[in-house]
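In what follows, a single structure is set out as structure tokens and then discussed.
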Amino acid sequence: MTLTAIQHASPARPQSTYRSAFKAWDRKSAVRTYISSNDYDWTGYSGYWIPHTDDSILSHPLISDAIKPKLSAYLLIGSLDFTYGLEQCLIAQVSANMAAGDLLSQLPQAVKIDALKVQCDEAYHALQAYWLTEGVRRATGINTPMNLDTHFLRFVARTTDGSIPLSADLIRFCAVTVSETLITKSLRDDWRDASLPKEIRSFFLEHYKDEARHSVYFAWLLESLWPTWSDLTRSIVAELWLQFVDAYLDSEIHSARNALQHFEFSATEIERIITDTYYTPDSAYQAQRQQSMAYTIEVFSRITNTV
């Protein structure tokens, strides 16, 4: 399908049937309500920066107690860098194109205005992730630069190199829909961990509230566009959906591998740690991964009516 075909495909529903997920956005969006600061004072904080479970990477026998707090900081920084890149370099960009009418131009104006709200939300999420990251760096003495070359963004770039017979804009739209589905699920429980600094938990909670609206919005878009696509396009999108889910979930593993490289581990030891914690069949990570995969497949089947 060409970009022109995508832009001029009529939505399956008339404008009157669109039900915005952004009611009271001007009062409830995190960008409007969340009181934030880029001057976090975590002086003297000695706890972990990520949840610590019995089978997590922090519990691996090769990870000494002495490095656990700083390793957890590197892991959080990696996660926040991923958030910044995902929100600002992908989701906000796709939303901006939709709001400007450069992508899916025949959608109702109300849908385009809501895309502008998504763009605004995502830019703020990226900013807040940056502020949090800077606070963690100051508290831990970590001076590494922001890393936006994440596994997921690299994978999206590869899928839009022209080797797939779909518009790059459509492929990015699909990547965004997968991302909003997964990030909503992952944030749903992250904010409840009382062991984390309250500012980080608050960010997770406010982020979740916004992403819940975003996931509803992009699900509506996919459901509306699906009937307008050819069988070939549907087949490619269905295959890409699973690939994007895999790449998104793999990003945590790549982030952990990068974090371990800041310590005196050999390449063999790093791979042993990664294998023992992320690839063990009965690990919490694998259980969560299977749940996420099942969840996103169910969502895709439901909104495309392919159950």
Side-chain angles (χ1 to χ4, degrees), residues 1-7 77-98 102-104 118-119 122 125-126 129 144-186 211 214-215 218 221-222 225-226 229-261 267 270-271 274-275 278-279 285 289-290 292-293 295-297 299-300 304:
M1 177 179 285
T2 65
L3 177 58
T4 300
I6 296 165
Q7 289 177 328
I77 289 171
S79 175
L80 292 173
D81 283 354
F82 172 79
T83 298
Y84 183 101
L86 179 68
E87 306 285 32
Q88 187 60 14
C89 302
L90 180 63
I91 304 175
Q93 297 301 318
V94 169
S95 301
N97 289 340
M98 290 170 55
D102 296 330
L103 173 63
L104 307 176
V118 174
Q119 180 190 0
E122 302 298 31
H125 295 161
T144 56
M146 178 179 287
N147 175 29
L148 299 183
D149 186 28
T150 65
H151 173 70
F152 185 71
L153 292 184
R154 289 198 303 272
F155 183 79
V156 173
R158 287 197 299 273
T159 63
T160 55
D161 64 2
S163 59
I164 297 175
L166 288 183
S167 159
D169 284 321
L170 176 57
I171 293 172
R172 291 190 190 97
F173 166 78
C174 294
V176 167
T177 306
V178 169
S179 299
E180 297 290 37
T181 302
L182 281 169
I183 200 170
T184 301
K185 183 180 185 302
S186 64
E211 296 299 353
H214 298 178
S215 64
F218 280 98
L221 283 169
L222 180 59
L225 293 166
W226 186 259
W229 292 339
S230 68
D231 289 342
L232 175 61
T233 297
R234 293 181 193 178
S235 175
I236 294 174
V237 168
E239 184 176 351
L240 281 173
W241 182 275
L242 296 178
Q243 293 176 4
F244 282 138
V245 172
D246 259 336
Y248 185 102
L249 296 175
D250 280 346
S251 293
E252 182 177 343
I253 298 174
H254 285 262
S255 179
R257 185 178 284 109
N258 289 337
L260 289 168
Q261 291 173 357
I270 289 176
E271 291 311 309
I274 293 296
T275 299
Y278 289 99
Y279 290 104
Y285 171 80
R289 185 186 184 96
Q290 291 170 12
S292 296
M293 182 64 76
Y295 174 77
T296 49
I297 291 174
V299 169
F300 181 81
T304 61

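What you see is a predicted model; the values in this text were computed from it and never measured.
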With a 4.5 Å cut-off on side-chain heavy atoms, are [Y] and [X] touching?
X      : Y      : value
Thr184 : His214 : no
Tyr285 : Tyr279 : no
Leu242 : Met293 : yes
Thr296 : Val178 : no
Lys185 : Thr181 : no
Val237 : Thr304 : no

What orientation do [X] and [Y] show, parallel under 30°, tilted 30 to 60°, or perpendicular over 60°?
X      : Y      : value
His151 : His254 : parallel
Trp241 : Phe300 : tilted
Tyr248 : Phe82  : perpendicular

What pairs meet the salt bridge (Lys or Arg N to Asp or Glu O under 4.0 Å) rule with one or both residues in residues 78-97, with sequence neighbours excluded?
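Salt bridge (Lys or Arg N to Asp or Glu O under 4.0 Å) check on residues 78-97 returns Asp81-Arg137.
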Just how far is it from atom CH2 of Trp229 to atom CG of Leu222, taken to the nearest 0.5 Å?
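Rounded to the nearest 0.5 Å, the CH2-CG separation comes to 5.5 Å.
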How long is the span from the CG atom in Leu182 to the CG atom in Leu86, to the nearest 0.5 Å?
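Answer for the CG-CG pair, Leu182 versus Leu86, is 10.0 Å.
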Between Gln119 and Gln93, is there a donor-acceptor pair closer than 3.5 Å when you use the side chain of the first and the backbone of the second?
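Side chain of Gln119 to backbone of Gln93, a donor-acceptor pair under 3.5 Å: no, none is there.
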Between the main-chain N or O of Ala175 and the side-chain N or O of Ser179, is there a donor-acceptor pair closer than 3.5 Å?
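Yes, Ser179 side chain to Ala175 backbone: donor-acceptor pair under 3.5 Å.
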Tell me if the CD atom of Glu271 is crowded by more than 12 foreign heavy atoms within 6.0 Å.
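Yes, the 6.0 Å shell around CD holds more than 12 heavy atoms from other groups.
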Using every non-hydrogen atom in the two residues, find where [X] and [Y] come nearest and quote the distance to one decimal.
X      : Y      : answer
Leu166 : Leu240 : CD1-CD1, 4.4 Å
Ile164 : Ile236 : CG2-CG2, 3.7 Å
Arg234 : Trp226 : NE-O, 3.2 Å
Ser79  : Ser255 : N-OG, 4.1 Å
Val118 : Ser95  : CG1-OG, 3.2 Å
Asp149 : Asn147 : N-OD1, 3.0 Å

Is there a side chain to side chain contact (heavy atoms under 4.5 Å, CB included) between Ser292 and Val245 once you walk through the steps?
CA-CA 8 Å; Ser292 296; Val245 172; 5.8 Å; no
For the pair Glu122 and Glu211, evaluate side chain to side chain contact (heavy atoms under 4.5 Å, CB included) and give the outcome as yes or no after the intermediate values.
CA-CA 9 Å; Glu122 302 298 31; Glu211 296 299 353; 3.1 Å; yes
Who passes salt bridge (charged side-chain N to carboxylate O under 4.0 Å, His left out) against Arg172, sequence neighbours left out?
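Arg172 satisfies salt bridge (charged side-chain N to carboxylate O under 4.0 Å, His left out) with Asp169 only.
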Using a strict threshold of under 4.0 Å (side-chain N to carboxylate O), is an ion pair present between Asp250 and Arg289?
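Yes.
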